[in-house]
Amino acid sequence: MAAIVARQVSRAPRLLQQSVRLSAASHRSYADMAFTFASPYDVYYKDAKVKQIDVPTFSGNFGILPDHVPTLAVLKPGVVNVFEEDGSQKKYFVSSGSVTINDDASVQVLAEEAHPVDRLDAAAIREGFSKAQQELSSASSETAKAEAQIALECYEALQKALD
């Protein structure tokens, strides 16, 4: 029995070295991300190379860089920041959707609605916010209250996006 254990122990370092070499050989190094960002009405990026993407999710806001751990998250209303290769930054307001970070360094943001922040109308947002507050205070059913609360939260996120 002791001889079998001794043989197994002596083979362990070789197996570990072989595994490390195999693992290192199979690991691909990614310097770039392939970024796709779309809504039902627009495609903003299609397999574009970008430096970083910041996304608002229900588990918190986080930044995505090349070689990010594979992740699936649900977007909440907020701003997606895209840092492009040339150093410029673009901001998009999203209402909801999903973000998928894949093992091959590709990232997909699929939004229910998405609009460039510089196209948002501050006056319309203020008006919508006031209307949502009125609807919330006058809501008589639980369904109406929930719908008004969702609208209010979206308008709050829109206002924050303009700041």
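Quantities reported herein were computed from a predicted structural model and do not represent experimental measurements.
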- Query: Shortest non-hydrogen contact from A148 to E135?
  - Reply: CB-C, 3.9 Å

- Are V80 and V107 connected in the hydrophobic side-chain network, where two residues link if heavy atoms are under 4.5 Å apart? yes

- Any sub-3.5 Å donor-acceptor pair from D121's side-chain atoms to A123's backbone N or O? yes

- Would you give the length of the straight line joining atom CD of Q133 to atom OG of S138, rounded to the nearest 0.5 angstrom? 11.5 Å

- Here the pair of heavy atoms bringing T57 nearest to K76 is O-CD, 3.6 Å

- Message: Is the shortest side-chain heavy-atom distance between N102 and P70 below 4.5 Å?
- Response: no

- Taking side chain as C-beta onward, heavy atoms only, is S98 less than 4.5 Å from L75? no

- Item | Rounded distance [0.5 Å steps], CG in D103 versus OG1 in T71 | 10.5 Å

- Find out whether I125 and L162 are in side-chain contact, i.e. whether some heavy atom of one side chain is under 4.5 Å from a heavy atom of the other. yes

- Message: With rounding to the nearest 0.5 angstrom, report the CD1 to CG distance, I64 to D54.
- Response: 8.0 Å

- If you round to the nearest 0.5 Å, how far is CG of L152 from CG of L136? 6.0 Å

- Please work out whether the ring planes of Y45 and F35 are parallel, tilted or perpendicular, with thresholds of 30° and 60°. tilted

- Message: I'd like to check V99 versus Q108 (side-chain heavy atoms, cut-off strictly below 4.5 Å). Are they in contact?
- Response: no

- Heavy-atom side-chain proximity of F62 to I101 below 4.5 angstrom: yes

- Note on the structure: The reported gap from NZ in K145 to OG in S141 (rounded to nearest 0.5 angstrom) is 8.5 Å

- Query: Got more than 12 heavy atoms from elsewhere within 6.0 Å of CD, E156?
  - Reply: yes

- Query: What closest approach, in Å, do P66 and K51 show between heavy atoms, and which atom pair accounts for it?
  - Reply: CD-O, 3.6 Å

- Query: Is there a donor-acceptor contact under 3.5 Å linking the side chains of Q52 and N81?
  - Reply: no

- Candidate list V79, V82, V109, test side chain to side chain contact (heavy atoms under 4.5 Å, CB included), partner Y92, passing option: V82

- Quick one: closest heavy-atom pair of A111 and P40, and the distance? O-CD, 3.2 Å

- Salt bridge flag under 4.0 Å for residues K90 and E84: yes

- Query: Going by heavy atoms in the side chains, are Q159 and R126 under 4.5 Å from each other?
  - Reply: yes

- Message: I'd like to check S96 versus V74 (side-chain heavy atoms, cut-off strictly below 4.5 Å). Are they in contact?
- Response: no

- With the side chain counted from C-beta on, respond yes when S39 and E113 share a heavy-atom pair under 4.5 Å apart, and no when they do not. no

- Query: Where do V117 and F93 come nearest, in terms of heavy atoms and distance?
  - Reply: CG2-N, 3.8 Å

- Message: Please give me the minimum heavy-atom distance between H115 and L120, naming the atom from each residue.
- Response: CB-CD2, 4.3 Å

- Message: I want to know whether F37 and Y44 have ring centres closer than 6.0 Å.
- Response: yes

